[in-house]
Amino acid sequence: MSNSSPLFDASRPFPALQTSFSPTLPPLLPRAMDENGKRRRLDSPHGSSLYSGDRVPRRRATDASPNPYLSHRRDAHNPWTGRPYSEAYYDILRVRRKLPVYDARARLMECLRAHNVVVLEGQTGSGKTTQVPQFLAEAGFCDGGMRIACTQPRRVAAMSVAKRVAAEMDVRLGDHVGYSIRFEDRTSRETKLKYLTDGMLLREAMKDNLLKAYSAIVLDEAHERTLSTDVLMGLLKGVLKKRPDLKVVVMSATLDAQKFQDYFDGAPLLSVPGRVFPVDIIYSPQPEDDYVDAAIRTVISICRNEPTGDVLLFLTGEEEIEESCRKIEEELRPFERAYGPVVVLPLYGSLPPDRQQKVFADPPPPLYHGGPPGRKVICATNIAETSLTIDGVVYVVDTGFSKQKIYNPRVRVESLLVQEISRASAKQRAGRAGRTRPGKCFRLYTEESFHKHLIETTHPEILRSNLGNVVLQLKTLGIDDLVHFDFMDPPAPETLMRALELLNYLGALDDEGDLTSFGKLMSEFPLQPESSAALIRSPQFQCSNEVLTIVAMVSSAQNCFVRQKKKDKNAMRGRPPHEQFMDAEGDHLTLLNVFHAYKEKDKERGGASQWCWDNYLNQRALRTAGNVRTQLERTMRGCNLALVSTDYQSIHYSSNIRRALLSGYFMHVAHRNGKEYQTVKDNQKVKLHPSSGMRGNPAWVLYNEFVFTKTQYIRTCAKVEGKWLVEQAPHYYDLSNFPGGSAKEELRRLYRKKAKRSLPENERRRGR
DNA sequence: GAGCACTGC
């Protein structure tokens, strides 16, 4: 995997921002208040620390600072490596010293001396992500073989920041500074400062419940409130009670800092100035009927009336974005000579990386000498709100909507719905206009609705998700009492009940709610609980190799099938390119066929690129599935689970696989009632997704996913036999606890049949 | 016949 990132170029200095210190600091805390344990941590046995003993400076660190980690002297040696500093080190050091966060260093250490948790607020660009972990390292937190962790919600960030910090410390990436993300561990025994994704630290906590490897943990981007960050925060609160030596820095954008302080029992707050340039906010005078239409009009008006500068438009999804791009381009083309050339670019997650990269290119030059300069118009999803930062944007158009995940515990369905954004989100979007110079943000809603209608902050993910995996993780972490677990925002009791119920049916928790050995095994796998259960049981059905591939394919988010465009369809004369892979008995088997075919081609010289292209397959998705499969296979071996296959020629090949899948997915089954399908127990009316290649309208189908759009669909389906249900999951298909309907009648019949079969031969005869 | 905000292990 490449280390380069559009977000980050290690060869370029960070932009120098405001250098003045924020006046909003709390009064200085009494120094050396606490003599136990914490002192030891701050004192370096080598006396190398700037903050050791009584030499804690009250003034700002200056060039005369004795800190060997920050020496400006040309003859100085790098205390990490013992080697002389490189030229580049001094160049970077000059830039570092101008970062706003640099001035907060002494204050941060003062706070950490008296408190175990400190909240630090400052926007991206203040330098907190790169500097704060270094401050801790310089203060001696790495002594005695201890490490410092800094979490990030995203992999690219963990990677690129580690790369930058290694350059700043003048060490090789992977030596003293490293990162750890899924599929890639760039750390060594020497690593003192470790950047990792929040999910990765959670994984580590499952092995090392008290996180004993770390002396300090920095939670970055805590305001994003990812599932993993929320779980980590709750976990750390507990760990702190048992480890008074542990220090935690919670870093957040300048939103909600109070909430973090309250949650961590009045932790002190440090503020670092952030915002670079002012952004003018312009509201719509009246509510807009059609926000896409209004957005297109606004963009066109900016291009015709406003001075040069790139435009960023926030929409909700691929379809809207492609439509808007087309319309904006059409409308502006006739005016290019008058207003300058415009490049209109889409930006959303499922776009291939090379097309995403285009938003970072320079805007087009004037059409003719002395003509008006060109600009970029970027139509983006929420990806541009957090994940990708595009410099040069001066105008932001905010429709006020985004797609958000919602979980309905009553029907156990997660769905994506277009929703109004929060005020925090609107502020974040507006901020994207002020990164290089003063900007403007056009909000396509009224000022009144901004203040009265929008909620303060987006509901954290933990309130909008199915918590099956979270509960399994917490149980593995040794948390028995989930109801009283200290969540920053406690999920609905019903959501927790659903998760406990799911894990109980799967066999991960016993009836007392305690983790079983099967559940312990399940938690080893980075999969949905249903997939983990199916995978662990698959050796019993002689098909773990196959189920391994299927769960890898299903869990690697991206759809490997590329949709054909209309004109391609005409050229193909009707034969859909994916038909060759289709299995009439189940889409899971289709996925297996695709993967096998891909692997065959991948072995050949020249790889599978052309073949994927010709067959409308997404090579990146298949490669990811391959990586996931490798990781899962390693875990299987580590757990002593057999890797076995049924002969492809055997009549049991397909049924074994489908039975194995059912052993984890028995709660995802629909029954045919006349022409339509109904999910079992919940009795939701669903249709087979049109992409399904399954044929013959079987009475019972297992499905991977319930998709709720205009209609309710079940996607990735496989035929199962009714008798398997009563054989494999009688605890779930228990008629005394089953809502009425056609499925129940059918099950009753199957149970009677099963009972008869199990009677000895002579009794059965007598019974007749 | 129809769809995919965004992450992460």
Side-chain angles (χ1 to χ4, degrees), chain A residues 151-158 180-185 196-207 221 224-232 314-322 346-351 356 380-388 399 401-406 414-419 421 425 428 458 460-462 464-465 469-470 472-473 476 522-529 531-532 551-552 555-564 566 576 618 621 624 627-628 631-632 634-635 687-694 705 707-716:
Chain A
T151 67
Q152 295 294 319
R154 281 167 293 279
R155 299 157 47 103
V156 252
S180 174
I181 58 179
R182 189 180 185 184
F183 306 132
E184 203 185 349
D185 184 5
L196 33 53
T197 47
D198 47 13
M200 204 67 190
L201 186 60
L202 206 49
R203 278 269 148 204
E204 290 191 6
M206 287 163 73
K207 298 255 179 308
E221 314 285 6
E224 288 193 27
R225 304 289 309 278
T226 65
L227 263 180
S228 298
T229 295
D230 268 21
V231 174
L232 275 173
F314 283 102
L315 292 162
T316 69
E318 177 177 344
E319 202 181 324
E320 271 177 21
I321 287 171
E322 294 294 349
L347 178 63
Y348 45 86
S350 55
L351 213 56
Q356 283 191 15
T381 59
N382 253 8
I383 195 169
E385 195 181 303
T386 47
S387 306
L388 296 177
T399 54
F401 291 97
S402 71
K403 275 190 192 168
Q404 284 172 36
K405 184 173 69 182
I406 308 279
E414 277 183 350
S415 45
L416 270 180
L417 296 174
V418 173
Q419 300 239 295
I421 62 170
S425 204
Q428 178 74 16
T458 312
E461 206 183 351
I462 202 158
R464 299 182 284 118
S465 308
N469 247 335
V470 169
L472 183 61
Q473 271 170 350
T476 314
M522 272 174 63
S523 71
E524 297 280 330
F525 292 89
L527 291 169
Q528 295 180 7
S531 286
S532 307
V551 296
S555 84
S556 50
Q558 290 240 335
N559 185 355
C560 69
F561 297 113
V562 176
R563 182 180 40 193
Q564 255 183 314
K566 275 212 177 103
N618 179 345
T624 306
N627 286 338
V628 174
Q631 187 192 23
L632 296 175
R634 203 180 307 129
T635 310
K687 283 185 176 169
L688 296 184
H689 198 273
S691 66
S692 176
M694 203 179 54
E705 204 183 357
V707 193
F708 175 62
T709 50
K710 284 167 202 151
T711 18
Q712 302 190 114
Y713 289 101
I714 48 176
R715 191 158 57 189
T716 316

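All values below were derived from every heavy atom in this structure, side-chain atoms included, with hydrogens, water molecules and symmetry-related copies excluded. Lettering of chains follows the sequences in order, A, B, ..., and the numbering in each one begins at 1.
You'll find that the side chain of A/Thr381 is closest to B/dA5, out of B/dA5, B/dG8, B/dA2. Of the candidate nucleotides B/dC9, B/dC4, B/dC6, B/dC4 has the atom lying nearest to any side-chain atom of A/Lys403. When each of B/dT7, B/dC9, B/dA2 is scored by its nearest atom to the side-chain atoms of A/His689, the top-ranked nucleotide is B/dA2.
When the C1' atom of B/dA5 is taken as reference, atom CG of A/Leu416 falls 6 Å away, rounded to whole Å. A/Arg154 places its CZ atom 12 Å from the P atom of B/dC9, with the value rounded to the nearest Å. Taking atom CG on A/Leu388 and atom P on B/dA5, their separation rounds to 16 Å, with Å as the unit. Distance A/Arg225 CZ to B/dA5 P: 25 Å, rounded to the nearest Å. Following rounding to the nearest Å, A/Glu319 (CD) and B/dA2 (P) show an atom-to-atom distance of 12 Å. The distance between atom CD of A/Glu224 and atom P of B/dG8, rounded to the nearest whole Å, is 11 Å. Rounded to a whole Å, the CZ atom of A/Phe708 is 15 Å from the P atom of B/dA5. Spacing between atom CD of A/Glu705 and atom P of B/dG3 amounts to 13 Å, rounded to whole angstrom units.
At the heavy-atom level, A/Ile383 lies under 4.0 Å from the strands shown only through sugar-phosphate atoms. Backbone-only contact: A/Val707 has heavy atoms under 4.0 Å from sugar-phosphate atoms and none from a base. Looking at heavy-atom distances under 4.0 Å, A/Gln404 makes no contact with the nucleic acid at all. A/Phe525 comes within contact range of no nucleotide atom at all, as no heavy-atom separation falls under 4.0 Å. Here A/Thr226 lies out of heavy-atom contact (under 4.0 Å) with every strand. When heavy atoms are screened at a 4.0 angstrom cut-off, A/Lys405 is found touching base atoms of the nucleic acid.
The number of heavy-atom neighbours closer than 6.0 Å to NZ of A/Lys687, taken from other residues, nucleotides and ligands shown, is 12 or below.
Between A/Ile321 and A/Ala380, the shortest heavy-atom contact is CD1-C, 3.6 Å.
In this model, a donor atom of one side chain and an acceptor atom of the other lie less than 3.5 Å apart for A/Tyr348 and A/Glu322. Between the side chains of A/Gln428 and A/Thr386, no donor-acceptor pair is found at a separation under 3.5 Å.
An OP1 or OP2 oxygen of B/dA2 is reached within less than 4.0 angstrom by a side-chain nitrogen or oxygen of A/Tyr713. Listed pair A/Arg715 / B/dA2 fails the phosphate criterion, with no side-chain N or O lying under 4.0 Å from OP1 or OP2. The phosphate of B/dC9 (OP1 or OP2) has no side-chain N or O of A/Ser228 nearer than 4.0 angstrom. Between A/Arg464 and the phosphate of B/dA5, there is no side-chain N or O to OP1/OP2 separation shorter than 4.0 Å.
Not a single salt bridge (charged side-chain N to carboxylate O under 4.0 Å, His left out) links A/Glu414 to another residue, sequence neighbours left out.
With the nearest nucleotide of DNA chain B identified for both A/Thr316 and A/Leu527, A/Thr316 has the one nearer the 5' end.
Between A/Glu224 and A/Arg154 there is a salt bridge, with a side-chain nitrogen of the basic residue lying less than 4.0 Å from a carboxylate oxygen of the acidic one.
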